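Here is the structure we will look at.
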There are 2 protein chains.
Amino acid sequence: MSEKVKKRTLISDIAAHLEVSIATVSLVLNGKAKQSRISDAVAERVLAYVQEVGYKPNQLAKSLRTGKTHVIGLVVEDIANPFFSTVASLIERQAFERGYRIIYCSTNNDTERSKQLISMFREQHVDGYIVVPAAGIEEQVGEILREHTPTVLFDRYLPALPTHHVVVNGAQGTYAAATHLLAQGFANIAFVTTDSEQTQMQDRLDGYVRALQEHQVPQTVKRVAVSKDREAVIADLMTFIEGHRQCDALIFSTNYLCIYGLEAITRLGLRIPDDLALVSYDDHDLFRLYTPAITVIAQPVEDIAKNVIDILLEELKQRASESPRPLQQLVLHPTLVVRQSSVRRAAGSAKKARKQEAAN
Amino acid sequence: MSEKVKKRTLISDIAAHLEVSIATVSLVLNGKAKQSRISDAVAERVLAYVQEVGYKPNQLAKSLRTGKTHVIGLVVEDIANPFFSTVASLIERQAFERGYRIIYCSTNNDTERSKQLISMFREQHVDGYIVVPAAGIEEQVGEILREHTPTVLFDRYLPALPTHHVVVNGAQGTYAAATHLLAQGFANIAFVTTDSEQTQMQDRLDGYVRALQEHQVPQTVKRVAVSKDREAVIADLMTFIEGHRQCDALIFSTNYLCIYGLEAITRLGLRIPDDLALVSYDDHDLFRLYTPAITVIAQPVEDIAKNVIDILLEELKQRASESPRPLQQLVLHPTLVVRQSSVRRAAGSAKKARKQEAAN
DNA sequence: CTGAAAGCGCTAACAA
DNA sequence: TTGTTAGCGCTTTCAG
């Protein structure tokens, strides 16, 4: 009753049909015909028949035997964040073209969840990892490193661990943004960031601090607890902005913070850039099309994706030869895309703004 | 040289250590201790030791043996589209909690690519599929159906195939949008859609046609070739808008078309809603925060994700019992979220609208 | 040049 | 109650 037409062709079927051995078929299929000196005639017959019946080797059996799954584990912070989904989408495409599948998960930057995900991937025997590491997962990453599973981190890294990684010089981006704002005459620039201690955040903060120190202007750093819910964050930002009316410009360390910020600014009825100039990290449809358009520190997403996957695939290829390859630790550069949100308007309004400032 | 400390514990190791048989360990681990009448004492000893050494069964071997991989194949149109990435992220989370991994790919609505992806997933022996079907993949989907692999489609479906699916009543959304615009006094409403013939697009068009027919006003449908690149689409839309100056309102059938539309409108220097009112399908940060905020036909993303994964997991659970379950074909309802982009500005009402919006 | 055969690690009949 | 053992489907020596 239950034995339907489950006639999945096996390698033994095709060997039997062709009256050759299983090994012959396997060898031909794995491109080892030449090196095993199998006659071209036989090789061709095999290929032709395999083609004809549409035989596909069972990947599970193959994986069990070879220990390779051709699956890459992708651990990102949040696949619903355009920055990550764009990079993920580019990585996925490249990987597929080279015969690798992607299995992915979002950590929401949660340490426990990250650990859990890595161990699940380990159980799945992924061939390699691409990880946007949450804080505190040194041990788990260290473990996969010790097992010599090819791994590339991106967006941030774990200073304690010798990993391949691709990051962006965040300090450079923030420094450029702050300098630009100062040049535009904004003198009281606040930096809105998360309460995360991770490298990329620290880096972005550093650029801000350096720029403001160089110009000897006071610094204001607002740290938002990322765990809070949407409304709480907006409320928090509204309170911050209201309590710092002397600020005439804001730099946001991530796209979602800026989105919350825009919501807060709108609710407060403030005008951009007249009341408050804005620069955000990460480009986004919203920032490009917003009125006024938002100045951003754009990350080179294509480059990030390309380098990450290239390094990983190279590593995957080389793994056989036990020669440890030099660590690839790329630091790419962001681009400041100046739009209206950070540009002083015509003389009239600028003066007015400055006057207000003096009055405070 | 090469044999490092690859001391991955095997089931035989733990059996040997405990001086019980491999079968006992396996049975206990698979919760079949009771039904195989293994003594509680032994079961506990096994569990304790497994815990102690942190033994994890090799999933590959397990899968090869059982034919189950606990992997779900997710085929979406574009993971970088917020609609899909949001749904994907919700699905992923639910699936993980129930012990399933997600392996995903974007088709960009390309038929060939879709076929290829499904066949790759088949080779990977995924336990189930969640598919946003591109046009023309009836055959491939039919095949996985014939193999009785649990499958759920969403966003659109293939009318020729009896599948489980979760879609949204697009006609209702567009109808509501058109009716709303007409009520606001916009009399010349155009519908901007893609050249796709898929169910969800056809459906959205139908709602537009029906609303305009009922009010006996002329229809204007603009079909954009989706294959074109970004700039080409924007140029196309600019030409269309310029050529239809009599139009006072536009309904976009997808979020990305509206984003292109906003770009086109901005470049043409038109004001929203005074020169042109706007309604788009799918909500998006951009639409919520744009000035003026864009009225949207919001899809119930949480509900979509929840229903999709529930149906699939149910199916996965039931597969053993050969009783064919009734087809789940859910039609959820969209919500028209009225914002300023579609509301006639009577004197003084603009401010009111903004206040309302802030209250949301 | 080709074929036999030993596993990869696990599950689950079937014995005992 | 527990142990033995036959595979799942494939790769890859190694002997012919």
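Since the model is a prediction, treat every value here as computed from it, not as a measurement. The basis for the numbers below is simple: all heavy atoms, side chains too, and nothing from hydrogens, waters or symmetry mates.
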Sort and list the pairs that fulfil salt bridge (Lys or Arg N to Asp or Glu O under 4.0 Å) and have at least one residue in residues 38-60 of chain B, not counting sequence neighbours.
Lys34(B)-Asp40(B)
Here the helical stems involving DNA chain C, each at least 3 consecutive Watson-Crick or G-U pairs closer than 3.5 Å, sorted by first residue number, are C:1-16 with D:1-16
Within the structure shown, what part of the strands sits under 4.0 Å from Ser36(A) by heavy-atom distance: base, sugar-phosphate, or nothing?
base
Does the side chain of Tyr129(A) come within less than 4.5 Å of Val141(A)'s, by heavy atoms?
no
Under 4.0 Å from OP1 or OP2 of dC10(D): is there any side-chain N or O of Ser63(A) that close?
no
Distance-only criterion, 3.5 Å: show the donor-acceptor pairs between side-chain atoms of residues 103-111 of chain A and protein atoms not counting sequence neighbours.
from      : atom 1 : to        : atom 2 : distance (Å)
Ser106(A) : OG     : Ile79(A)  : N      : 3.1
Ser106(A) : OG     : Glu92(B)  : OE1    : 3.3
Thr107(A) : OG1    : Val76(A)  : O      : 3.4
Thr107(A) : OG1    : Asn109(A) : N      : 2.8
Asn109(A) : OD1    : Arg156(A) : NH1    : 3.1
Asp110(A) : OD2    : Glu112(A) : N      : 3.1
Asp110(A) : OD2    : Arg113(A) : N      : 2.7
Thr111(A) : OG1    : Ala135(A) : O      : 2.8

Going 5' to 3' along nucleotides 7-16 of chain C, which nucleotides have protein heavy atoms under 4.0 Å from the base (write B), which only from the sugar-phosphate (write S), and which from neither (write -)?
BBBBBBB---
Expressed as a whole number of angstroms, how long is the span from His125(B):NE2 to dC8(D):C1'?
11 Å
Residues passing the side chain to side chain donor-acceptor pair (under 3.5 Å) test with Ser196(B), sequence neighbours excluded, are Gln198(B)
In a table with atom names and distances, give each donor-acceptor pair under 3.5 Å that connects a side chain of residues 303-310 of chain A to protein atoms at least two apart or in another chain.
from      : atom 1 : to        : atom 2 : distance (Å)
Lys306(A) : NZ     : Asp310(A) : OD2    : 2.6
Asn307(A) : ND2    : Asp303(A) : O      : 2.8
Asp310(A) : OD1    : Arg98(A)  : NH2    : 2.9

Taking side chain to side chain donor-acceptor pair (under 3.5 Å) as the test, write out the residues that go with Thr151(B), two or more places apart.
none
Is the side chain of Thr149(A) donor-acceptor paired with the backbone N or O of Gly128(A) at a distance under 3.5 Å, no angle test?
no
Atom pairs and distances, side-chain donor-acceptor, residues 118-125 of chain A, under 3.5 Å, sequence neighbours left out:
from      : atom 1 : to        : atom 2 : distance (Å)
Ser119(A) : OG     : Gln116(A) : O      : 3.2
Arg122(A) : NH1    : Glu147(A) : OE1    : 3.3
Arg122(A) : NH1    : Glu147(A) : OE2    : 2.3
Arg122(A) : NH2    : Glu143(A) : OE2    : 3.3

Let me check something: any side-chain donor-acceptor pairs from residues 23-31 of chain A under 3.5 Å, sequence neighbours excluded? List them with distances.
from     : atom 1 : to       : atom 2 : distance (Å)
Thr24(A) : OG1    : Ser21(A) : OG     : 3.1
Ser26(A) : OG     : Asn30(A) : ND2    : 3.4
Asn30(A) : ND2    : Ser26(A) : O      : 2.8

Listed by chain and number, what are the side-chain contact (heavy atoms from CB on, under 4.5 Å) partners of Pro159(A), not counting sequence neighbours?
Tyr157(A), Thr199(A)
To the nearest angstrom, the CD-C1' distance between Gln35(B) and dT2(D) comes to 15 Å
Could you tell me how far apart Leu18(B) (CG) and dT1(D) (P) are, to the nearest whole angstrom?
18 Å
Residues in residues 41-53 of chain A with a heavy atom under 4.0 Å of DNA chain D, by number, are none
Given atom CZ of Arg37(A) and atom P of dA15(D), what is their separation to the nearest angstrom?
15 Å
What residues, two or more places apart in sequence or in another chain, satisfy side chain to side chain donor-acceptor pair (under 3.5 Å) together with Thr163(B)?
His165(B)
